[in-house]
Each structure stands twice: as C-alpha cells, then as structure tokens.
Amino acid sequence: MGHLKTMSSRASNRKLTPSQRNRVRSITTPLNEWYAVRHRDLPWRENQDPYRVWISEIMLQQTQVKTVIPYYERFMGRFPTVVSLSEADEDEVLEYWAGLGYYSRGRNLRVAAQQVVRDHGGALPNDEAGLRSLPGIGEYTAAAIGSIAFDHAVPVIDGNVERVLARYLTLEGDPKKGDSNTLLREAARIALPNEQPGDHNQAMMELGATVCTPRAPGCGDCPIASGCRANKLGRPEAFPPPRQRRKPEIQHWLAAVIVTPTGIVVRRAAEDAPFLKTQWGVPLWPVDDAPDPRQAATKLRALVRSEFDFELGRASYQAEIKHSITYRSLRVHVVTIPASTANEQTAPRTVQVGDAWKLPGLHRKIVECAARQSTNN
DNA sequence: TAGACGTGGCG
DNA sequence: TCGCCAAGTCT
C-alpha cells in the first residue's frame, strides 16, 4: 500500500497540521500589539473613509509607500471625492498619475468612479461582489477595502503577507500556486481576528514592508520571530523561492525633443505602441543598434521631417538615458531640434519644461535631460 | 494562464 | 552599476 501512503502524505500538504495551526494562531496578539505601537502614520490612515482607502490601495499596487505618499496627497487635493473624480477628463487624471506607472490603474479609477456614481449613489459598495465589479479592484483590493474601510473580517494576501507566512511556515513552493497557496490562505484566515480585521491586515503588510523584508530581514525586531521556522533555520531570505523572470531585452530608441516657440512638442503614443500606449510624450522611434551621436542627430532629423510640418533648425545629440519598462531595458538617445511651425493649422500640442511632471517618467526624464543640457550650453 | 504592465527603492 | 522586487489586475 505504498502508493496510498504517498497519496495521503501528499494530500496532507494541502492542510495545515494542528501544530501549525496553533503556531499561526499565536501570531495575532503579538503582531497587533506591535502594530499598535510601531505603525507608520500614513495620510490614508487618518480615517476609514472608503474613498481614501480605495485610492491608496490602487496606488499601492506594486508600488512602495514612500513612492505613493506625494502622489496620494496631490491626487486627493485635486480629486477629493468620488464625484470630482467621476467628472474629470481622463487626460487630467493621467497627469496626476504620471510617474506612478501602470497607467491602466488611473484609467480604471476614473471609470470605476463613474460606475460608483451611476450604480451606487456615489458611495463605494460595501460588499465583495460590488467592489470586485469595479475595474481595477481584484481579490486583494476588494479584501483590503472591505476590511480597512468596512471592518469585514476577510484576510488580505499581498506580496508582504505571502512572504511573512511563507517564512513563518517555511513554505517551499510558489506562494501564488498549488499547495503553498492553499496553506497560505488557510494560515491567513486563521490568523485573522474578528475585531479590527483592517488593523490586523495592515499589521501583516506593515511587518512585511518594514521588518520581514525580502532582503536583510530584521528578525531581531520581529514580534513573531519565536514561532518562525525560517528564522529558526537561520535563512529567512530563502523563503519564498525566487520568482522566474523574463530576461531583459536591451532596446535602442531615438527621442525627439522638438523645441518650438510655444514649448516642446508632445503627441499621443499609438494604441499599438509597444509601451506607454495612448500616453502623451515626445516622439520616439526604435533603432536597431546604438547610434553614434552624429548618426542619431542625422537620422532623427529625417524622421521628424517625415512626420511633422516644421521648419527645422540644427539637430544636436544630448545624451543617452536608461529606463526600464517591464522587461525592456531602454537606451534612449535624446536629440534636441529647434523648430517653428510652418503651418499654424497643424500646430501640435506642446509642453513647458516646468510641466514635464505631467508626463510618464520616461518622457519626464527625456525632457529634463534636454533642459539640463541646453542650460549648460 | 502566463505574460504584460512603469517606476523607484535598496542592497 | 545592476538586479530584484514592490499593499496586483487584466486578458
């Protein structure tokens, strides 16, 4: 009956053992006492207003707290209510999102606000199905809003929670899949108290973000280190296992900073552009290899002439900028070129250097690079 | 469902 | 400098 034993021991990996369950239960009290004292004062923690919680959770997707804070303050200043966001132009919402990345988050936020006004009387739905029906809200964000804003006793599982529990239980597999995922979910549910579930969920994430970090975790400062198996093994960094990543591809691009009397020319990227689709920015063209400065200037001049109706001045090479977008390692060769519009009817949209913050990070870097160079000249 | 999506912090 | 990874969602 060897195969039966194998089957049963494999099946048992899908449930926490009684002793594991006890260890997980012992997380709750010390963790929440730690959080009460050590939590960071963050702008979205001033109150439980569902709109504020929602905006913060969307911004925090794949984005660190330190990065989010200034964007959050600026965004809330301009769009303080669901209605104000629902009435905004997409371009303006994206201006306030520019630099944060993952721009579908900003587009979805506006559409969702319109849905909330139209279908829910302007108040975020306070049930999971209602929240998940909104674009941009998936399993994690619905649970985060539900627990933090509405006191629903549902656990959240984000990258932090995955790491904390994978270490605590020394889960060997990918926490997003298979048995490790099943065990993780059971553990997260068991650790969750019925009182103040939002604080508990934030405590789990806060611990992951500030103590149980991916590299160099601070086990000496961890309130649950005594029950943590990875700490006992002395190699907490080994959990969870590293993820498989697509190999970076180096790509060379030419960027045109076309300087007209009214500002720098920007245009909308095509819907089928390889990245930053439909986003405003300076014209970009792919090139096969790294050009030398003279080639870059000459080629760029020809490209600008082929697509715009300008009187062009002398093209001058500025610098190479490095910028990564997902798996693409971009090498962007920045060329400036003075221009005057030959035909007022076709006057393009322009931006001032001071407004470069309204552009995606890549284009902001390009404009600021050109401005810096020309100041030096 | 695995891959795409932006950017910055940090060791 | 460079590579890993982040309070995920969508298709």
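Given the structure is predicted, the values throughout are model-derived calculations rather than measurements. Sequence lines set the chain letters: A, B, ... in the order given, protein chains first and strands last, and positions in each chain run from 1.
- Mapping A:Arg45 and A:Gly136 onto DNA chain C via the closest heavy atom, the residue that lands nearer the 5' end is A:Arg45.
- Listed pair A:Lys277 / B:dA4 fails the phosphate criterion, with no side-chain N or O lying under 4.0 Å from OP1 or OP2.
- Residue A:Val68 is out of contact with every strand shown, counting any heavy-atom pair closer than 4.0 Å.
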Open item on the list: Pair A:Glu139, A:Arg185 - check salt bridge (charged side-chain N to carboxylate O under 4.0 Å, His left out), show working.
Closed with: CA-CA 12 Å; A:Glu139 181 182 11; A:Arg185 287 169 175 278; 2.9 Å; yes

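- Across all strands, A:Gly208 comes closer than 4.0 Å to no nucleic acid atom at all (heavy-atom distances).
- Side-chain proximity of A:Arg245 to B:dG9, C:dC4, C:dA7: nearest is C:dC4.
- In this entry the distance linking CZ of A:Arg246 with C1' of C:dC4 reads 18 Å, nearest Å.
- Residue contacts shown for A:Thr141 are limited to sugar-phosphate atoms, with no base heavy atom under 4.0 Å away.
- For the pair A:Arg246 and A:Tyr327, the cation-pi criterion (under 6.0 Å, within 45° of the ring axis) is fulfilled.
- On a pure distance criterion of 3.5 Å, no polar donor-acceptor pair joins the side chain of A:Thr326 and the base of B:dG3.
- With hydrogens and angles ignored, the 3.5 Å screen pairs a side-chain donor or acceptor of A:Lys277 with a backbone N or O of A:Ala273.
- Looking at heavy-atom distances under 4.0 Å, A:Arg328 makes contact with sugar-phosphate atoms alone, never a base.
- Taking the six-membered ring where tryptophan is involved, the planes of A:Trp357 and A:Tyr96 are perpendicular, since the angle between them exceeds 60° and thus also 30°.
- When heavy atoms are screened at a 4.0 angstrom cut-off, A:Pro240 is found touching no nucleic acid atom at all.
- Across all strands shown, A:Leu362 has heavy atoms under 4.0 Å from sugar-phosphate atoms exclusively, and none from any base.
- The aromatic rings of A:Phe308 and A:Phe310 lie parallel to each other, with less than 30° between the two planes, well short of the 60° mark.
- Rounded to whole Å, the distance from CG on A:Leu100 to P on C:dG8 is 14 Å.
- If you check every strand for non-hydrogen atoms under 4.0 Å, A:Gln202 touches nothing.
- Rounded to a whole Å, the CG atom of A:Leu330 is 11 Å from the P atom of B:dC5.
- Within 4.0 Å of A:Leu42, counting heavy atoms only, lies at least one base atom of the nucleic acid.
- In this model, the phosphate group of C:dC2 is approached by a side-chain N or O of A:Lys322 to a distance below 4.0 Å at OP1 or OP2.
- In this structure, the OH atom of A:Tyr102 is 14 Å from the P atom of C:dC5, given to the nearest Å.
- Between B:dA4 and C:dA7, the distance separating the two P atoms is 23 Å to the nearest Å.
- Both A:Trp34 and A:Val161 sit in one connected hydrophobic cluster of ILVMFWY residues. Membership requires side-chain heavy atoms under 4.5 Å apart, directly or through other members.
- When heavy atoms are screened at a 4.0 angstrom cut-off, A:Pro248 is found touching no nucleic acid atom at all.
- The side chain of A:Leu276 sits closest to B:dT7 out of C:dA7, B:dG9, B:dT7.
- Rounded to whole Å, the distance from OH on A:Tyr103 to P on C:dT9 is 19 Å.
- Remark on DNA chain C: of its neighbouring residues A:Ile137 and A:Asp158, the 5'-side contact belongs to A:Asp158, judged by nearest-heavy-atom nucleotide.
- When the P atom is compared between C:dT9 and B:dG8, the two are found 22 Å apart, to the nearest whole Å.
- Residue contacts shown for A:Arg163 are limited to sugar-phosphate atoms, with no base heavy atom under 4.0 Å away.
- Of the candidate nucleotides B:dT7, B:dG9, C:dC5, B:dT7 has the atom nearest to the side chain of A:Ser324.
- OP1 or OP2 of C:dG8 lies within a sub-4.0 Å distance of a side-chain N or O belonging to A:Gln62.
- In this structure, A:Asn108 atom CG and B:dC5 atom C1' are separated by 12 Å, rounded to whole Å.
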